[in-house]
Amino acid sequence: MNAGTAQMSGSDLVAAQLSLAGNSVYRSAWFAQEGDLIVSPLSIPTDLLSYVGATLDFDASSLSLLVAGGGREAPILNDYALLSNSMVEQIKRHIRQKSSWSMYPCYSSEGVARLASVLGIQQTGDEFALQRGPDLLNRKSHFRQLSTSVALPLPNGSITTNSNELFRAVNSLRHETGRVIVKLDNGAGGVGNVILSSNEDGPLPGARETRQIAWPSFDPDELWSEMTTASCKTLVVESYHLARTPFYLEYEIERDGSITFINSGNIRLRRSTDRSERALIWTGLELPSDLGNEQWLTAQAHAYRFVSLVRNLGYRGPINIDAIFASDGRLLFNEANGRWGGGSVLHSIAVRLLGFDYSGSYVISSVRNVRSSSLRAAHERFAKEGFLFDGTRKQGVIPLAVDEEAGTVECLVIAYDRAAAGDLKQRLLTLV
């Protein structure tokens, strides 16, 4: 569970990124299968693991959990912690109990490849990972470079490495839509992006902040100093297009090099009730995406070319690609990441409960920020309200993970159609 590492987000993590990485540990527990060993930066509550086992029909007591740092918990499992002598020895003691093991990391880092070698676990793609090849798939500048080689449709933009280049890029691109997005090269989760707009837009998708600006007053030195970090001195600047349909596509590049389509979903956002808030609130994902057939085929054809290029470079593992259909109907790709995506766990749960062909008969949604003090309280409340997931009817709500500090849970909604899913989501969000 090595989400949020320096390879993904740089070494200068902000509080929002640390929180995101910490919360991802709990939802990622839903990947577990009987007999697995989980290596985590945080302790995972026993009641969560028990609930995972009960819902997915396996004996959760068969799971083993190793927490990095010997109990001195941090939300990031980096390569240094993963390869520490104590961690390696603990893992070795566990895996001696069975002869056949595979590894499923969030991010295929150099440390993961070295650990596989030490443990004698053969993994295709490790040579690429040993040379830090997957880092190519988690930089916004590299995405533009790789995408251009396969003619992926991108917003007009450029890569800047100093404030003078930033000034030229912003002033060149602002004329196209009146809006420009500036992205920190390795800022995951949208927290490294700022939108500059000459309009009174309010918060727009894809950035931590939307700023109204009078272009003659734009100060490139100030923005450069604000956005760059000690570990990242590259900013990507693009013309910003209003999105009619934001969505993602996820693939798995298998060990033999074959490409498997995993899932696609819509990205749901809403405005905060706090009018001073400068960013939209990410409320969850909905699978499958509601793209029309022509949109779907067009997006797939382009994305597959990009994934094929990544496969040919030597990468093996999950890869997800974000894109939009803009308000003018244009298809534009925004970024790609070689790691677990937001929909990876949702898809995994849906396959195990509903079968591989679930997308033809069900709508799967994640709903964040549902008010509840604990997983147990959420489970009891949903059962009382009559919408807890029922394995016989194959629909309902599953509480995935709790954020005790915020007093909220993230939930998975399984319904037969979008209307029913929308009704369940509304009921969840109005619970008090």
Residues forming a side chain to side chain contact (heavy atoms under 4.5 Å, CB included) with S64, sequence neighbours excluded: L37, H94
Under the side chain to side chain donor-acceptor pair (under 3.5 Å) definition, can you give me all pairs with a residue in residues 413-423, not counting sequence neighbours? E286-R418
For a quick test of your reading: what N or O donor-acceptor pairs under 3.5 Å do the side chains of residues 251-261 make, sequence neighbours left out?
unit_1: Y251; atom_1: OH; unit_2: Q300; atom_2: OE1; d: 2.4
unit_1: E254; atom_1: OE2; unit_2: T260; atom_2: OG1; d: 3.0
unit_1: D256; atom_1: OD1; unit_2: S258; atom_2: N; d: 2.9
unit_1: D256; atom_1: OD1; unit_2: S258; atom_2: OG; d: 2.7

Run the side chain to side chain donor-acceptor pair (under 3.5 Å) test against R93 and tell me which residues pass, sequence neighbours left out. none
Mind checking side chain to side chain contact (heavy atoms under 4.5 Å, CB included) for R376 and listing every partner two or more places apart, or none if nothing turns up? S374, E380
Under the rule for side chain to side chain contact (heavy atoms under 4.5 Å, CB included), what residues qualify as partners of S372, not counting sequence neighbours? A377, A378, V409
Qualifying side chain to side chain donor-acceptor pair (under 3.5 Å) pairs, either residue in residues 348-358, two or more places apart: H347-Y358
If the condition is side chain to side chain donor-acceptor pair (under 3.5 Å), which residues does S197 pass it with, not counting sequence neighbours? D201
Output every pair passing salt bridge (Lys or Arg N to Asp or Glu O under 4.0 Å) with a member in residues 230-242, not counting sequence neighbours, ordered by first then second residue. R144-E238, K183-E238
Going by the rule side chain to side chain contact (heavy atoms under 4.5 Å, CB included), which residues pair with E226 if we only count those two or more places apart in sequence or in a different chain? R208, R211, L223
Got a sec, which residues hit side chain to side chain donor-acceptor pair (under 3.5 Å) with R330, two or more places apart in sequence or on another chain? none
Got a sec, which residues hit side chain to side chain donor-acceptor pair (under 3.5 Å) with D322, two or more places apart in sequence or on another chain? none
